[in-house]
Asker: 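The following block contains the structure, expressed as structure tokens.
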Amino acid sequence: MFDLSGRVVLVTGASRGIGRAIALELGRAGAAVAVHYHHRADRASEVVNTIEGLGAAARAFAADISDRGQVDALLRAVGEWKGRLDGLVTSAGIFRGPSVEEVDAADWTELIATDLEGTFRSVQAALPYLRRSDQAAIVTVSSVLGSHPAVGGVPYQAAKGGIEQMTRALAIELAPAIRVNAVAPGFIRTDINRTGHEDPTFHDQVARATALRRWGEPEDIAPAVRYLLSREADWVTGIVLGIDGGIALR
Ligand code: NAD
């Protein structure tokens, strides 16, 4: 089930957190994994070595995902690596949580350039390669905040809402050749929200608000991405799959 042998998949933001867990899961499924990272070559090497230890191929690729030229160069390098690309997972992203009044032009530009435009440009630059695959699939990464608003971080929530509609629009435009789906995680313990989950009060608030009464781990998200890339999901496109412990039920 959910075998990805013979596929080549790029995971952005794969040096840590949710992207890292996805990259390892895809390696476990037999895919050759292009491990994208920003600055931390040491962390990307650790992911590559772990995937190779699982018996799959992997290579690290650096790029600033908010820079269109670097994204284009990234996709060219990944496309040349194995001469094909079958999957793209766009996990690279940042979070900022200021109030509306505190958001300045630079905050807005950085957030939108990284989370929203970075996702779009990654997809666009991957298309020449994905179009040559007979099993092409894309998984974008939204958030429960993409459809369930919270106080603070309007640019982030706007970007994630945009990613969800972008996913549906891409799914219809790229069908039937390329399937496009999103995952929308709830609160997952990673570096992006370290100050939140290390604060006992906030930690407990989130756990209480989550129907399944705990924060998520990156490994809670990865199997769903493996499924969405696999043949078993051949008739699935344009969905936003919430994986959030039930926090969206509130
Ligand atoms: P993380 O901070 O551990 O990982 C983010 C990754 O994105 C890192 O590898 C980082 O290097 C990369 N990145 C950030 N800016 C970049 C840039 N300009 N260029 C290249 N790479 C860049 O956090 P995470 O929780 O693993 O986040 C992964 C994705 O999951 C993000 O899109 C985030 O919005 C989403 N998400 C996270 C949560 C959560 O609670 N952790 C919830 C919902 C959605």
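Read the numbers this way: they start at 1 and go in the same order the structure lists the ligands and their atoms. Keep in mind that this is a model prediction, so the values were computed, not measured. In this chain, residues are counted from 1 in sequence order. Side chains are part of it too, since the values below use all heavy atoms of this structure and drop only hydrogens, waters and symmetry mates.
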Asker: Between Ile65 and ligand 1, does any nitrogen or oxygen pair lie at a separation below 3.5 Å?
Answerer: yes
Asker: List every atom of ligand 1 that sits less than 4.0 Å from any heavy atom of Ile94, numbering the atoms from 1 in the order shown and giving each element.
Answerer: 14 (C), 15 (N)
Asker: Does a side chain donor of either Thr201 or Gln205 reach within less than 3.5 Å of an acceptor in the other side chain?
Answerer: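 There is no such pair between these side chains.
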Asker: Ignoring hydrogens, just give me the one of Gly186, Gly17, Pro218 whose non-hydrogen atom is nearest atom 38 (C) of ligand 1.
Answerer: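 Heavy atom nearest to atom 38 (C) of ligand 1 belongs to Gly186.
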Asker: If a pair satisfies ring pair (Phe, Tyr, Trp, His ring centres under 6.0 Å) and one of its residues is in residues 106-129, list it, with sequence neighbours excluded.
Answerer: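 Residue pairs with at least one partner in residues 106-129: there are none.
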Asker: Are any of the N/O atoms in Ile188 less than 3.5 Å from those in ligand 1?
Answerer: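 It does: an N or O of Ile188 is found under 3.5 Å from an N or O of ligand 1.
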Asker: For a side chain to side chain contact (heavy atoms under 4.5 Å, CB included) with Val225, tell me which candidate from Val9, Ile18, Val183 qualifies.
Answerer: Val183
Asker: Report whether Ile112 and Val154 are members of the same hydrophobic cluster (ILVMFWY, side-chain heavy atoms less than 4.5 Å apart, transitive linking).
Answerer: no
Asker: Are Phe187 and ligand 1 in contact, using a heavy-atom cut-off of under 4.0 Å?
Answerer: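 The answer is yes, since Phe187 has a heavy atom less than 4.0 Å from ligand 1.
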Asker: Pairs of nitrogen or oxygen atoms closer than 3.5 Å, one from Pro185 and one from ligand 1: do any exist?
Answerer: no
Asker: Write out the residue and atom name of the closest protein heavy atom to atom 4 (O) of ligand 1, then the distance separating them to 0.1 Å.
Answerer: Arg16 NE, 3.7 Å
Asker: Measuring from Gln135:CD to Arg84:CZ, what's the distance to the nearest 0.5 Å?
Answerer: 6.5 Å
Asker: Starting from atom 34 (O) of ligand 1, which protein heavy atom do you reach first, and at what distance in Å?
Answerer: Tyr156 OH, 2.7 Å
Asker: Going by distance only, is there an N or O of Asp115 that falls short of 3.5 Å from an N or O of ligand 1?
Answerer: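 Looking only at distances, the answer is no, because the N/O contact criterion of under 3.5 Å is not met.
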Asker: Which atoms of ligand 1 are found less than 4.0 Å from any heavy atom of Ser15?
Answerer: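 Ligand 1 atoms under the 4.0 Å threshold to Ser15: 9 (O).
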Asker: Measure the spacing between CD of Glu110 and CD1 of Ile94 and express it to the nearest 0.5 Å.
Answerer: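 Taking CD in Glu110 and CD1 in Ile94, the distance rounds to 3.5 Å.
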Asker: Around atom 18 (N) of ligand 1, find the nearest protein heavy atom and jot down its residue, atom name and distance.
Answerer: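 The closest one turns out to be Asp64 OD1, 2.9 Å.
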Asker: Measure the spacing between CD of Gln165 and CG of Leu170 and express it to the nearest 0.5 Å.
Answerer: 10.0 Å
Asker: Under 4.0 Å from ligand 1, counting heavy atoms only, is it the side chain of Ala63, its backbone, both or neither?
Answerer: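 Contact part for Ala63 vs ligand 1: backbone (N, CA, C, O).
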Asker: Measure the CG-CD1 distance between Asp220 and Ile243 for me, rounded to the nearest 0.5 Å.
Answerer: 8.5 Å
Asker: Salt bridge between Glu46 and Arg43, side-chain N to carboxylate O under 4.0 Å?
Answerer: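 The answer is no: the pair does not qualify as a salt bridge.
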Asker: Please could you name the atoms of ligand 1 that Thr114 approaches to less than 4.0 Å, counting only its heavy atoms?
Answerer: 15 (N), 18 (N)
Asker: Say whether Ile18, considering both its backbone and side-chain N or O atoms, lies within less than 3.5 Å of an N or O atom on ligand 1.
Answerer: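 Right, the criterion is met.
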Asker: Output the list of atoms in ligand 1 that are nearer than 4.0 Å to some heavy atom of His36, sorted by atom number.
Answerer: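 Checking each atom against His36, I get 20 (C), 21 (N).
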Asker: Of the backbone atoms (N, CA, C, O) and the side-chain heavy atoms from C-beta on, which set of Ile192 has a member under 4.0 Å from an atom of ligand 1: side chain, backbone, both, or neither?
Answerer: both
Asker: Can you report which non-hydrogen protein atom sits closest to atom 32 (O) of ligand 1, along with the distance?
Answerer: Lys160 NZ, 3.0 Å
Asker: For the hydrophobic clusters of this structure (ILVMFWY residues joined by side-chain heavy atoms under 4.5 Å, transitively), does one cluster hold both Leu74 and Ile22?
Answerer: no
Asker: Where is the nearest protein heavy atom to atom 44 (C) of ligand 1: which residue, which atom, and how far?
Answerer: Ser142 O, 3.1 Å
Asker: Output yes when the distance from some N or O of ligand 1 to some N or O of Tyr37 is under 3.5 Å, and no in every other case.
Answerer: no
Asker: So, using side-chain contact (heavy atoms from CB on, under 4.5 Å) as the criterion, who are the partners of Ala182 when residues are at least two apart?
Answerer: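 Here the qualifying residues are Thr140, Thr167, Val240.
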Asker: Look at atom 30 (O) of ligand 1 and find which of Val144, Thr12, Asn193, Val141 reaches it with the closest heavy atom.
Answerer: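 Among Val144, Thr12, Asn193, Val141, the closest heavy atom to atom 30 (O) of ligand 1 belongs to Val141.
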Asker: To the nearest 0.5 Å, what is the distance between CZ on Phe95 and CD on Gln157?
Answerer: 7.5 Å
Asker: Identify the protein heavy atom lying closest to atom 11 (O) of ligand 1, giving its residue, its atom name and the separation to 0.1 Å.
Answerer: His38 CB, 3.8 Å
Asker: Give me the residue, atom name and distance of the protein heavy atom closest to atom 29 (C) of ligand 1.
Answerer: Ser91 O, 3.0 Å
Asker: Which residue is it: Arg40, Arg16, Arg20? I am looking for the one with a salt bridge (Lys or Arg N to Asp or Glu O under 4.0 Å) to Asp191.
Answerer: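 Among the candidates, only Arg16 passes.
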Asker: Could you go through Asp72 and Arg121, starting from their C-alpha distance and side-chain angles, then the distance that decides it, and tell me whether this counts as salt bridge (charged side-chain N to carboxylate O under 4.0 Å, His left out)?
Answerer: CA-CA 8 Å; Asp72 291 351; Arg121 190 61 201 153; 2.5 Å; yes
Asker: Can you tell me the protein heavy atom closest to atom 7 (O) of ligand 1 and the distance?
Answerer: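 Heavy-atom neighbour on the protein nearest atom 7 (O) of ligand 1: Gly93 N, 3.2 Å.
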Asker: For ligand 1, find out whether one of its N or O atoms is nearer than 3.5 Å to an N or O atom of Thr190.
Answerer: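 In this structure, Thr190 places an N or O atom under 3.5 Å from an N or O of ligand 1.
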